[in-house]
Amino acid sequence: MKGLAILLLLSSALQSCTAAPPLEPVTCMKNGSAAAARAATHQINENHDHGYKFKLNVIQGHKIQKVFGGCDIDLKLDLLETECHKVHPTHFEDCIIYGEDEREVMANCSVKMTVRNGYAQVTKYECGTRQAKTAREMVTICADCPTMISLTSPKGLKGVQQAVQKFNQNTTNQHYYSLQEVGRMTTGYIMNVGMNYYAQIVLVENSCPMGSTEECYPICPDRAHHAFCRMSYSNARGIRSLECEYFPPSNTDPLQPHQLEPICMDPPPPTP
Ligand SMILES: *[C@@H]1O[C@H](CO)[C@@H](O)[C@H](O)[C@H]1NC(C)=O
Ligand SMILES: *[C@@H]1O[C@H](CO)[C@@H](O)[C@H](O)[C@H]1NC(C)=O
Ligand SMILES: *[C@@H]1O[C@H](CO)[C@@H](O)[C@H](O)[C@H]1NC(C)=O
């Protein structure tokens, strides 16, 4: 699992976000830690352009420094990775956290916020991620559980490619789908099957119809259908299972007459 460190300078205001349950106003009062942490977690998820959504676990710190017109807030938060991938429409607070036997990932984040004249903003945050349990702890919890492997494992990716091909044999889909991201990859030994690879993959709808040989582009992220698939693969048996959920586009505004489907460049590469 690739560690992730994010350092971002943010200019977008929290008020402009579209949280399902409304965010409580962030204040400079001592009892405002929950509202601040909630707003910060919301912003971190909004900015996270790949991987899974995170949910607040514990507020480790909340320091307020009064300044003219408001205050500066320093937050220390522990977040846990949920089962909802970024493309999943469910609000992060309603997503389920990975169980112990599924190698949950946690993030510790340092967040700086400003509150001026009642207007709150996240100005900077930095998160480090790690597996909540070490490999050694995992052996004692679940010795037989599949182990996490690199998302670039060649054998695992061979399986992923075959899964994408298989996915595209579904003629009910109007358009071709391409691989957007590999979310998680694990491996485990199964009697009579050998090494088995499990992956969670995200596919994005492309502009060209099924079966077409023309060059395909992913449809813009807000206008594309996405599919989130769990798959398993073994060298000996090929694709053993492929189960997908489809998510509709977030933007369903119809195109104007004669307007072509807009082309979006690939999303920016994940923050190193
Ligand atoms: C915080 O305290 C103030 C006044 O002491 C009160 O009005 C407010 O409702 C409290 N907020 C929370 C979230 O408890
Ligand atoms: C996360 O926790 C580690 C260990 O406690 C610490 O060294 C690191 O600075 C923390 N990272 C952030 C971004 O808070
Ligand atoms: C084929 O695609 C449709 C959506 O286009 C989906 O509802 C259906 O479950 C898919 N079938 C399989 C076997 O994956």
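As a basis for the values below, the full set of heavy atoms in this structure was taken, side chains included, without hydrogen atoms, waters or symmetry mates. Treat the numbers as computed from the prediction; the structure is a model and nothing was measured.
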**Request:** Please round to the nearest 0.5 Å and tell me the distance separating atom SG of C229 and atom CD1 of I201.
**Result:** 5.0 Å
**Message:** Looking at every heavy atom in both T27 and G32, which two are closest together, and how far apart are they?
**Reply:** OG1-CA, 4.2 Å
**Request:** Measure the spacing between CD1 of I73 and NZ of K63 and express it to the nearest 0.5 Å.
**Result:** 13.0 Å
**Fill in**
Tightest non-hydrogen contact, residues A39 and V26, listed as CB-CG2, 3.8 Å
**Item:** Atom pair CZ/CD1 of R184 and I149 - distance to nearest 0.5 Å
**Value:** 12.0 Å
**Request:** Sort out for me which residue in V122, I64, T123 forms a side chain to side chain contact (heavy atoms under 4.5 Å, CB included) with M113.
**Result:** V122
**Message:** Over 60° means perpendicular and under 30° means parallel, so tell me whether Y246 and Y177 are parallel, tilted or perpendicular.
**Reply:** perpendicular
**Message:** Quick check for you: to the nearest 0.5 Å, what is the distance between T41 atom OG1 and L75 atom CG?
**Reply:** 8.5 Å
**Message:** On a heavy-atom basis, which atom in L151 and which in G183 lie closest, and how many Å separate them?
**Reply:** CD2-O, 3.8 Å
**Item:** Flag, side chain of S241 to backbone of M231, donor-acceptor distance under 3.5 Å
**Value:** no
Side-chain donor-acceptor pairs of residues 152-166 under 3.5 Å, sequence neighbours excluded:
| residue | atom | partner | partner atom | Å |
| --- | --- | --- | --- | --- |
| T152 | OG1 | S150 | OG | 2.7 |
| S153 | OG | G156 | N | 3.1 |

**Message:** Using every non-hydrogen atom in the two residues, find where A37 and L77 come nearest and quote the distance to one decimal.
**Reply:** CB-CD2, 3.7 Å
**Asked** Would V182 end up clustered with V204 when hydrophobic side chains under 4.5 Å apart are linked, directly or stepwise?
**Response** no
**Request:** Say whether M185 and L179 are linked into one hydrophobic cluster, either directly or through other cluster members, by side-chain heavy-atom distances under 4.5 angstrom.
**Result:** yes
**Message:** Strictly by salt bridge (charged side-chain N to carboxylate O under 4.0 Å, His left out), give each pair with a member in residues 68-80 just once, sequence neighbours left out.
**Reply:** D72-R116, D74-K112
**Message:** For K55, give me all partners under side-chain contact (heavy atoms from CB on, under 4.5 Å), at least two apart in sequence or on another chain.
**Reply:** T82, I97
**Message:** The criterion is side-chain contact (heavy atoms from CB on, under 4.5 Å); which residues satisfy it with C216, sequence neighbours excluded?
**Reply:** Y176, N206, C208
**Prompt:** N45 side chain to F54 main-chain N or O, any donor-acceptor pair under 3.5 Å?
**Reply:** yes
**Message:** Taking ring pair (Phe, Tyr, Trp, His ring centres under 6.0 Å) as the cut-off, I'd like each qualifying pair that reaches into residues 56-81, sequence neighbours left out, listed once.
**Reply:** none
**Request:** Taking all heavy atoms of F167 and all of N173, pick out the closest pair and write down the distance.
**Result:** CE2-ND2, 3.4 Å
**Item:** Pairs involving residues 25-74, ordered by first then second residue, that meet disulfide bond (SG atoms under 2.5 Å apart) (sequence neighbours left out)
**Value:** C28-C71
**Request:** Examine I219 and F247 and state if one hydrophobic cluster contains both, with Ile, Leu, Val, Met, Phe, Trp and Tyr joined whenever side-chain heavy atoms are less than 4.5 Å apart.
**Result:** no
**Prompt:** Does the side-chain contact (heavy atoms from CB on, under 4.5 Å) test come out yes or no for V87 and Q180, once each step is laid out?
**Reply:** CA-CA 10 Å; V87 297; Q180 176 174 317; 4.1 Å; yes
**Message:** Test of understanding: with side chain to side chain donor-acceptor pair (under 3.5 Å), list the residues that count as partners of T172, not counting sequence neighbours.
**Reply:** N170
**Request:** Specify the closest pair of heavy atoms between H85 and K53, including all atoms of both residues, with the distance to one decimal.
**Result:** O-CE, 3.6 Å
**Request:** Given side-chain contact (heavy atoms from CB on, under 4.5 Å), test N47 with Y125 step by step and report yes or no.
**Result:** CA-CA 11 Å; N47 282 275; Y125 67 84; 3.1 Å; yes
**Message:** For residues 181-207, which residue pairs pass the ring pair (Phe, Tyr, Trp, His ring centres under 6.0 Å) check, not counting sequence neighbours?
**Reply:** none
**Request:** Could you tell me which residues satisfy side-chain contact (heavy atoms from CB on, under 4.5 Å) with L255, sequence neighbours excluded, listed by chain and number?
**Result:** R223, Q259, E261, P262
**Request:** Could you grab the distance from atom CD1 of I190 to atom OG of S234, nearest 0.5 Å is fine?
**Result:** 7.5 Å
**Message:** Counting C-beta onward and ignoring hydrogens, is there a side-chain heavy-atom pair between H50 and K86 closer than 4.5 Å?
**Reply:** no
**Item:** Contacts of type salt bridge (Lys or Arg N to Asp or Glu O under 4.0 Å), residue E24, not counting sequence neighbours
**Value:** R38
**Item:** Shared hydrophobic cluster for V58 and V105 (ILVMFWY, side-chain gaps under 4.5 Å)
**Value:** no
**Request:** Look up atom CG in N196 and atom OG1 in T186, then write down how far apart they are to the nearest 0.5 Å.
**Result:** 8.5 Å
**Request:** List for me each residue that meets side-chain contact (heavy atoms from CB on, under 4.5 Å) alongside N31, sequence neighbours excluded, and say none if there are none.
**Result:** M29
**Complete:** Applied to residues 211-244, the ring pair (Phe, Tyr, Trp, His ring centres under 6.0 Å) test, sequence neighbours excluded, yields none
**Asked** Do M210 and T171 have side chains that get closer than 4.5 Å, going by heavy atoms?
**Response** no
**Request:** Would you please classify the geometry between the F92 ring and the H42 ring as parallel, tilted or perpendicular, with 30° and 60° separating the classes?
**Result:** tilted
